Amino acid sequence: MDGSQESTSHVAAATPAGEGNGWGPLSGLPGNPMMWILIASELLVFGAALIGFAGARALDPVGFAESQSLLNRPLGAINTAVLLTSGLFAALAVQARREEKSSLSRIHLAIAALFGFGFMVVKFVEYGEKFAAGIDVDTNTFFTLYYLVTGFHLAHVVFGIIILALVGIWNSEENLETGTAFWHMVDLVWVLIFPVIYLMR
Amino acid sequence: MRVFGISSGSMKALVVAWALLMLLTIATAFAGKVGADVHLGPVWLGSLAVVTVLKARMILTEYLGLYRAPGWRSGFTLTLVVLVGAMFTLAALTPV
């Protein structure tokens, strides 16, 4: 390796992922900038869906209040804590990897995924309660939106767990930053869904 | 960026951020009156909206690492304020 190549590789190792790779203002973001484009898109999609939910509620406040009272609010609150705790372990995994502690990083990722499974179990308990009471996606507008928004989010949880597994195997720092960024986006979206669908009345 | 005097980007800062997020989740449950089937007035709706934005900003800053990109953090926070503001304004304007 000549001097200029050595100098270039040192710069690459010392700068955040994406920096100096032609991403312009996106270069300063942690992880792969493409993930941040996805995060912004998802935030806007779920944000629009929740504004739509608030609009639909304005057209039928009595029907929405009656349906919302059938939701299990404590389970929703518990699931918020479960997902945020999962997010902590995902963030700890990245920090451990930065400190060259790969085994600890993988353990943290596994715990993050376990909490993700915990979220899914609580969600299935909640859906089970609704189905047992004869409430499904066709019951009324409130439950159509409830199942669509929470179901779409749940699909992201499943996909997020798969991503956590993948970056646990191929665990470069950039992969971990990018994969866990998706997982934190799932946290972020749930933090918006819970108060709007379960509590706003 | 510092969380209670601890610099962002350390394991300790992440644990402190998680503890704050748990407190904010309890605040969400309190403001949203999880245990009661009552209508929330504008004050409680406003409180719920503020706590929601604070939680989201904490996730962006500490979990997603935007303490390293304060300009982007401001942009995402502004987006959240607009989105959450629209949701809760619609709720506050909805007749009981």
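As the structure is a prediction and not an experimental result, all values here were calculated from the model. Lettering of chains follows the sequences in order, A, B, ..., and the numbering in each one begins at 1.
- Heavy-atom pairs under 4.5 Å with chain B peak, among A/R73, A/R201, A/M200, at A/R201.
- When heavy atoms are compared at a cutoff of 4.5 Å, B/L21 approaches chain A by way of both its backbone and its side chain.
- A/A65 does not touch chain B: none of its heavy atoms, backbone or side chain, sits under 4.5 Å away.
- Contact annotation for A/F194: only side-chain heavy atoms (C-beta onward) come within less than 4.5 Å of a heavy atom of chain B.
- The choice from B/G35, B/A29, B/A36 that makes the most heavy-atom pairs within less than 4.5 Å of chain A is B/A36.
- Although no hydrogens or angles enter the test, the distance criterion places a donor-acceptor pair under 3.5 Å between the side chain of B/Y63 and the main chain of A/L84.
- Taking all atoms of both residues into account, the shortest heavy-atom contact from A/G28 to B/A69 is O-CB, 3.9 Å.
- The part of B/I59 that comes within reach of chain A is its side chain, from C-beta onward, which places non-hydrogen atoms under 4.5 angstrom from that chain.
- For B/V34, the parts sitting under 4.5 Å from any heavy atom of chain A are the backbone and the side chain alike.
- Contact between A/P195 and B/L48 at its shortest, heavy atoms only, is CB-CG, 4.1 Å.
- Rounding to the nearest 0.5 angstrom, the gap separating the CD atom in B/E62 from the NE2 atom in A/H184 is 11.0 Å.
- Neither the backbone nor the side chain of A/Q68 comes within contact range of chain B; no heavy atom of the residue lies under 4.5 Å from a heavy atom of that chain.
- In this structure, chain B has heavy atoms under 4.5 Å from both the backbone and the side chain of A/A40.
- For B/M22, the part lying under 4.5 angstrom from a heavy atom of chain A is the side chain only.
- Note on B/V82, B/V51, B/V38, B/L24: by heavy-atom pairs under 4.5 Å with chain A, the leading option is B/V38.
- Of the listed residues A/L50, A/L88, A/L188, the one with more heavy-atom pairs under 4.5 angstrom with chain B than any other is A/L88.
- Atom OG1 of residue B/T94 and atom CG of residue A/L59 lie 8.5 Å apart, to the nearest 0.5 angstrom.
- Using a cut-off of 4.0 Å between Lys/Arg side-chain N and Asp/Glu carboxylate O, B/K55 and A/D187 are scored as not salt-bridged.
- Contact annotation for B/I26: neither backbone nor side-chain heavy atoms come within less than 4.5 Å of a heavy atom of chain A.
- Contact count versus chain A (heavy atoms, under 4.5 Å) is highest, among B/L64, B/T25, B/T52, for B/L64.
- Among B/L93, B/T89, B/L83, the residue with the largest count of heavy-atom pairs under 4.5 Å with chain A is B/L83.
- We find the OH-OG1 distance between A/Y198 and B/T28 to be 14.0 Å, quoted to the nearest 0.5 Å.
- Put simply, the side chain of B/W72 gets close to the backbone of A/P25: a donor and an acceptor are under 3.5 Å apart.
- Of all the heavy atoms in A/P30 and B/L66, the pair that sits closest is CD-CD2, 4.1 Å.
- No other option in A/S69, A/A181, A/G47, A/G87 has as many heavy-atom pairs under 4.5 Å with chain B as A/G87.
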